[in-house]
Each structure stands twice: as C-alpha cells, then as structure tokens.
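FYI, the numbering just counts along the sequence from 1. In each ligand, atom 1 is the first atom listed, and ligand 1 is the first ligand listed.
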Amino acid sequence: MRLRPVPALRAATSLLAPLLAALLLAGPVALAQQQSSIHPGEVWNDNRGLPIQAHGGGILQRGKLYYWFGEDRSQGLDPALRYVGCYSSRDLVHWRFRRRIAFADPEGIGPNWILERPKVFYNNRTRKYVMYMHLDGPLHPSEHGYRLAKVGVAVSNRPDGPYHFVRSFRPLGHESRDIGQFVDDDGSAYLIFEDRPYGFRIAQLSADYLSVEREVALLPMHLEGGALVHWHGLYYVLGSHLSGWDPNPNLYATAEHLEGPWSEFRDLAPPAERTYGSQSTFLLKVTGSRASSVVFLGDIWKPKALWDSRYLWMPLQLGDGRMALPSPQPWSINIKTGETSLQR
Ligand code: GAL
C-alpha cells in the first residue's frame, strides 16, 4: 500500500521545498551570509565563501563601513611578495572581500623579508589612507630573523588601495616590532610599538601621519600585540607577553591620560586560559544610540598552517577600571544601538 501525505503536511512541504532548494543551491556562501552572530575560533568566511585572511589586523571605520585589514596568509601566493587583505562590512559579521594588496620587498631585505600587523589610518587633512606595517627581516638575505625592527608606511587615495610604499624607519629611532594603532576621540592618531630593550611605547603620528612625531608614554613592560581604547574617560592599553605564536595570558593597564601614570598590569582573563588561545591585535569601540561596547580582536595563530589561523573576537566586560574577556561563545552586536549579547 502507498502512503499518501496528509494535506497539512503536503502544504507545509510545498511551502518549505522551494526555500530548502534555494538554500541548497546557494550553498555555504548564502548560509554564511545569513548568520547574524560572530563565532570565535570558527572558520569565518567572506562573501565569496573563502576564509577571511586578515591576521594581526585592525579596523578602520569610514561612515557606515568598517574596513578590516590584516595579513593575508593564503597558500599558493607569490613567495616574493607579502599581502594585506582588505574587507568591508556594515555589521561586523558579514565581510566583503575588497582587495588583496600586494607588496614587493621595499628595501631589498631579501627573500625572507617580513610584513606583519598592517594597520590603516585615514588622514582627514590629506584625505589619504596611511598604512603602517611591521617591516622586518634578517641582516643578511640568506638568513631568517627579525633584526631590522622597523615600520613601513604606504599611502593610498582609497581604503582598498592600490597602496604606494613611502618609506621605512625606526620610530623615534627605537626598535619597533609588533605595532598597534589608536585614534583618540579628538582624532589624534597613535602608534603603539614594542621596543625590545625598553618596553611598550605609545607615540603620536605627525599631522600627515607619515611619520611618528612625539613619544607619549613608555610602559616598561615587555609586551606585544599592542592595542588601546578610550572608554568612559579611561584609557585601556592591552598586550601579550613575548612568546612568539604561542598564546599567553594577555595583560592590560589603565590611565586617565595617555601620558600616564599607568596602573599596574592586570590579567585580561584567567591566566591558565592563556587568553583562550589567542593574542591581542586591536580594541574596537562601537558607539551606538544606547551603549558603547569594546570588542577584543585577537588572533588564534596556527604557526604550521598560518592560512588557517582563526580569530577570537569577543565583547569585553568593562567597568570600575577593570576589563575582562569572557569565555569564547557566539555573540551578536547591534551596530545602531552599540549593544552586544552573548548567546550562551
Ligand atoms: C609574535 C608576534 C607575531 C609574529 C610572531 C612570530 O610574537 O606577535 O606578529 O611576529 O611573533 O614569531
């Protein structure tokens, strides 16, 4: 005997069938686009359905668009070049691939030259996009290593390039490896850089952003992956210990003025969690109609498969001069109100 579907079931199936068929046909891209939350540590695909390549990155907001820049570590690229991925988004969840920005060895450093942690500022006066990068390499082309300890500067008329390399230098004459970026509420722009012999420096950029002009603070702590945010009248600086690609307990300090005095450094999360396997790269403040949230942007590095390194983005708990990273879980943000919600 053949079973016939009951009428109600038949109606439901006929309604759902086109939807299911459309989803199956559209594939993973469409499914990813429908997600409205951020899933720390999971593969994060762009509008093409390809994993976002923006490691050690930073965010630049222009109007309603957020741009995410970072190291593009895709496999199969030209080994002589280094790449910066540029993506844009309106909601911080869905990212549109804009461009893979390629750089050739700007100073004849040799095949093992290094471009890491690119950060882009927009200069209102010159209307230029100014990219800072950690530029490094060995002293001899046949070697490996981080001996040059410089920053490189590149400029563009558009956020997604093309970028024209301007020059490289040691900021204020100091060694500079990991860099971080900060733009204060008054629009002044700062570079945070790790100066191996001394500590963590915060320095203001020149009016055209093409050079580093004035040291604001030296925090005598050996930290990298530097990030900074100003929230409810207090500055929070954040960084990781120097353990290469391996995660460690990231620390933060606070101050009422950028110049200091800065508080003692405190743990961002329970130290045994080693920042949940991640390393800081940026602090993103989202100010909406109801709240101002700060999001921790971290990298979960996979040194043997850098292209598969993941991102740990989580809204921070802030208040009473404390900053805490909750355990990773899916979460969402309302860009208009600035409110975030954890989903577990
Ligand atoms: C980390 C640094 C990364 C990269 C790595 C290389 O400490 O934050 O950007 O330089 O070392 O080992």
- Side chain, backbone, both or neither: which part of Arg177 has a heavy atom under 4.0 Å from ligand 1?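 Looking at Arg177 and ligand 1, no heavy atom falls under 4.0 Å.
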- Item | Proximity to ligand 1 by part of His134, non-hydrogen separation under 4.0 Å |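 Under 4.0 Å from ligand 1, His134 contributes no heavy atoms.
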- Item | Which of the ligand 1 atoms, numbered from 1, are nearer than 4.0 Å to a heavy atom of Gly244 |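 Contacts of ligand 1 toward Gly244, numbered from 1: 1 (C), 7 (O), 11 (O), 12 (O).
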May I ask you to identify the nearest protein heavy atom to [atom], giving residue, atom name and distance to one decimal place in Å?
atom	result
atom 6 (C) of ligand 1	Tyr146 OH, 3.3 Å
atom 7 (O) of ligand 1	Glu224 OE2, 2.2 Å
atom 9 (O) of ligand 1	Arg117 NE, 2.9 Å
atom 10 (O) of ligand 1	Glu116 OE1, 2.6 Å
atom 8 (O) of ligand 1	Asp178 OD2, 2.5 Å

- Message: Out of the candidates Phe282, Trp44, Trp331, only one should pair with Trp313 under the ring-ring contact (aromatic ring centres under 6.0 Å, His included) rule; please name it.
- Response: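 Among Phe282, Trp44, Trp331, the one that satisfies the ring-ring contact (aromatic ring centres under 6.0 Å, His included) with Trp313 is Trp44.
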- Is the NZ or CZ atom of Arg62 both under 6.0 Å from the centre of the six-membered ring of Tyr67 and within 45° of that ring's axis?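 No, Arg62 does not sit over the ring of Tyr67.
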- Task: For His230, enumerate each residue passing the ring pair (Phe, Tyr, Trp, His ring centres under 6.0 Å) test, keeping only those at least two apart in sequence or located in another chain.
- Result: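 Tyr235.
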With a 3.5 Å cut-off and no angle check, do the side chains of [X] and [Y] form a donor-acceptor pair?
X	Y	result
His140	Ser142	yes
Tyr311	His55	yes
Ser278	Arg310	no

